[in-house]
> 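Pasting in a structure now, in structure tokens, and then I'll have a few things to ask.
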2 protein chains.
Amino acid sequence: MHNGRRKVTLRDLAEATGFSVNTVSRALRGEKRIAPETLQKILEAQARMGYIHNTLASSLRRGYTNTIAVILGDVSNPHFGVMMSEIEARARARGYAAFLQTTSEDEALERAAIQSAVNKSVDGILICPCPQSGQNLHTLASLGIPFVLVGRRSAAVDADYVICNDELGGWQATRALIERGHRRILMLQGDPEISSARERLAGYRRALDEAGIEYDPRLVREGSVMGKDNEALYAQILSEDLGFTAAFAFSDLIAWDFWRFLHGRGIEVPRDLSLVGFDNIQSRLSIPFGLTSIRTYKGRMSVEAVDLLVRRMRGEGDPAPARVVIDTALAPGETVRTV
Amino acid sequence: MHNGRRKVTLRDLAEATGFSVNTVSRALRGEKRIAPETLQKILEAQARMGYIHNTLASSLRRGYTNTIAVILGDVSNPHFGVMMSEIEARARARGYAAFLQTTSEDEALERAAIQSAVNKSVDGILICPCPQSGQNLHTLASLGIPFVLVGRRSAAVDADYVICNDELGGWQATRALIERGHRRILMLQGDPEISSARERLAGYRRALDEAGIEYDPRLVREGSVMGKDNEALYAQILSEDLGFTAAFAFSDLIAWDFWRFLHGRGIEVPRDLSLVGFDNIQSRLSIPFGLTSIRTYKGRMSVEAVDLLVRRMRGEGDPAPARVVIDTALAPGETVRTV
DNA sequence: CCGGGGGATGTTAACGTTAACATCCCCTCG
DNA sequence: CGAGGGGATGTTAACGTTAACATCCCCCGG
């Protein structure tokens, strides 16, 4: 039992073993030119004295940290929770620690998160940009630190990105409803400031076009990405008598919110309204009454994003921005009814 | 636009403005004894040259990092996702960055996570100990770095903890079933190596006792905490003809797994079996067919845990270990049927 | 027998910041 | 008018590690 009073440093080990600080450092890092018995003495002293390597000092001297920052909106959303989990695992496998920062989809918090990551000298950043993040990304790009956009892209910077095929997903969701006879489909679009919201809408429109259904802009409604405080919006929508028989929500979270709201008004899913979400966050939670959704391959996206970032940090690979788009798939559930 | 070629340091600012490094440092930190025009010149140079404060060097010199590590099993579980989100927000409000590390409920990964956190000189640690983590906690305690257990406690160390009242939760869940006429209640206990599993079982037994129902150990089954690979267990349980009409699962995640398994065997919830989970992860996802569960107050737990840790890091407060237990509540759902 | 090569270790400086201490100057008060 | 005080700034060393370079010694080959 050590009385954690003062930290044990390389110098302490050096004094205890009679070797120089440098020799101790090299021994602990596993360099070759060390006599076996020297190594043994040093390792023994390390264990006995409870030496702990100081990554701060090491990183300062070496100039890199083997750490990446992961900047996401909100890990309380299982979609991001799973993404974080997968990213962390992949990063660890590639020798990097992953540092989570959350933005609550707020531009100022995102700016602070980037700032903090850069201050900490992370070697690279994975970021799912929040709405209005153009300036932040612009700043980030000017810093010269490698970064990869995950889940959303941005017109503000010509940067690497790894996203799912949102246009396809939007098409698949809408198509699933059209095939069951729906022709007036509400779209809870989320925030059109983010690319995935715009592209899912594009897929929605393409599906309508292909089916010869006229696009009605009154059926497309914007809302907050995190789904907070959307009740007024839902009430407004119901009051307008738009005649829709189905809804496609930007995310499962928003779909649940809407579902709960409808239930409170006596409107049942799928009896009175069919519903499709996005992200398939119930992949693990899947239950017999599951929400029909669009599956995104979070594991593949995470691996691609981490590996791409690792290549950038190492200066390997094609210098042109990589654009990785991973197709989505329909995740059948029980919330779509034939009309 | 700067060509991020080389980092701009205090020395560069000093040379550019003609002041000493120390003056620049003090100016940027907002110390008082700085002439207004000096401050202005320095701030201008900072903006112009794109100076970025190096937290590594600063922390090394100052001896603290204003960072805490949060060590959890698995953020892909919304329960932990929400906890992380709440902890991060509270930590930020108290002036600390929160660093997430995940263990996958594995003792070796937990050890690595603690090691990594300590290497990074975090000022404190919040940890939800995995099964078999006794030795890890013991090591951690010997290091003298402040830490607080969150969500689970441990017999291995007499440390601060903030947990929910698992015994009460277990009682509430079981009681809810008993009140609806159930007398043979399966308990999917999870891993009895963790305190919450043991205490929820204690609550289960107390509820049975109070109702005069005999305890049948065959109805209590252990399983993996993360719920992975429990299918064989579920099959085994069904094959035993135990005559239970209800089940109480260690967590919502395990409840969902079991539910899905049952559905695959043609057994419907709640028609054929009533089901109660724990954690109420659907608080946000709540739907008309929601799982009956036990609500844990994750926001309060997070605030208590962070605030307690902050007190420890500052050396304030009662030196005796704090034991914070926050009561749970029944979260009514649709998965309990009267028999 | 001597030069050279290479393995083992030591010496020194540097990473970028901060804190303690020193200095300088000007203004005020006795 | 001189001592003293305090504001503004500079000098120096240190945080703990690592890398470049230097040194020493032993052994081998010519």
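We name chains A, B, ... by the order of the sequence lines, and we start the count at 1 in each one.
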> Between the base of C:dT11 and the side chain of A:Asn22, is one N or O donor paired with an acceptor at under 3.5 angstrom?
yes
> Using OP1 and OP2 only, check whether a side-chain N or O of A:Thr23 sits under 4.0 Å from C:dG10.
yes
> Tell me the interatomic distance from A:Glu31, atom CD, to D:dT18, atom P, rounded to whole angstroms.
9 Å
> Considering only side-chain heavy atoms of A:Phe19, which listed nucleotide, C:dG10, C:dT17, D:dT9, is closest?
C:dG10
> Could you check whether A:Arg323 pairs with A:Asp158 (Lys NZ or Arg NE/NH1/NH2 to Asp/Glu carboxylate O, under 4.0 Å)?
yes
> Using a cut-off of 4.0 Å on non-hydrogen atoms, how would the nucleic acid contact of B:Leu56 be classed: base, sugar-phosphate, or nothing?
nothing
> Between P on C:dT17 and NE2 on B:His53, what's the gap in Å once rounded to a whole number?
6 Å
> In whole angstroms, how far is the P atom of C:dT11 from the CZ atom of A:Arg11?
13 Å
> Tell me what B:Ser59 touches on the nucleic acid: a base, only sugar-phosphate, or nothing, going by heavy atoms under 4.0 Å.
nothing
> Would you say D:dT17 has OP1 or OP2 under 4.0 Å from some side-chain N or O of A:Arg29?
no
> Output yes when at least one side-chain N/O atom of A:Ser58 is less than 4.0 Å from OP1 or OP2 of D:dT18, else no.
yes
> Considering only D:dT9, D:dG16, D:dA19, which nucleotide approaches the side chain of A:Arg62 most closely?
D:dA19
> Any chance you could lay out the salt bridge (Lys or Arg N to Asp or Glu O under 4.0 Å) test for A:Lys41 and A:Glu37, step after step, and finish with the verdict?
CA-CA 6 Å; A:Lys41 273 185 204 161; A:Glu37 57 186 19; 5.5 Å; no
> Could you tell me the separation between the CG atom of A:Asn66 and the P atom of D:dT17, rounded to a whole number of Å?
17 Å
> Going from CZ on B:Arg153 to OH on B:Tyr161, what distance comes out if it is rounded to the nearest 0.5 angstrom?
4.0 Å
> May I have the distance from A:Leu13 (atom CG) to D:dT17 (atom P), rounded to whole angstrom?
8 Å
> Flag the pair B:Arg90 and B:Glu86 as a salt bridge only when some basic side-chain nitrogen lies within less than 4.0 angstrom of an acidic carboxylate oxygen.
no
> Would you tell me if any nitrogen or oxygen in the side chain of B:Thr55 comes within less than 4.0 Å of OP1 or OP2 on C:dT17?
no
> If I take atom CG in residue A:Leu10 and atom P in nucleotide C:dG10, what distance separates them, rounded to the nearest angstrom?
13 Å
> Answer yes or no: is there an ion pair linking A:Glu304 with A:Arg300, defined by an N-O contact shorter than 4.0 Å?
no
> Counting just side-chain N and O atoms, does A:Thr9 come under 4.0 Å of either OP1 or OP2 of D:dC15?
no
> Just checking A:Tyr51: base, sugar-phosphate only, or nothing, at a heavy-atom cut-off of under 4.0 Å?
sugar-phosphate
> If you only use heavy atoms from C-beta on, which nucleotide in D:dG10, D:dA19, C:dT9 is closest to the side chain of A:Arg61?
D:dA19
> Under 4.0 Å from OP1 or OP2 of C:dT18: is there any side-chain N or O of B:Ser25 that close?
yes
> Just how far, in rounded Å, is P of C:dA8 from CD of A:Glu37?
11 Å
> Heavy-atom nearest nucleotide on DNA chain D for B:Leu60 versus B:Pro36: which residue maps closer to 5'?
B:Pro36
> Check whether any side-chain N or O of B:Arg33 sits under 4.0 Å from OP1 or OP2 of D:dG7, and answer yes or no.
yes
> Salt bridge or not between B:Arg152 and B:Glu105? Use side-chain N to carboxylate O under 4.0 Å.
yes
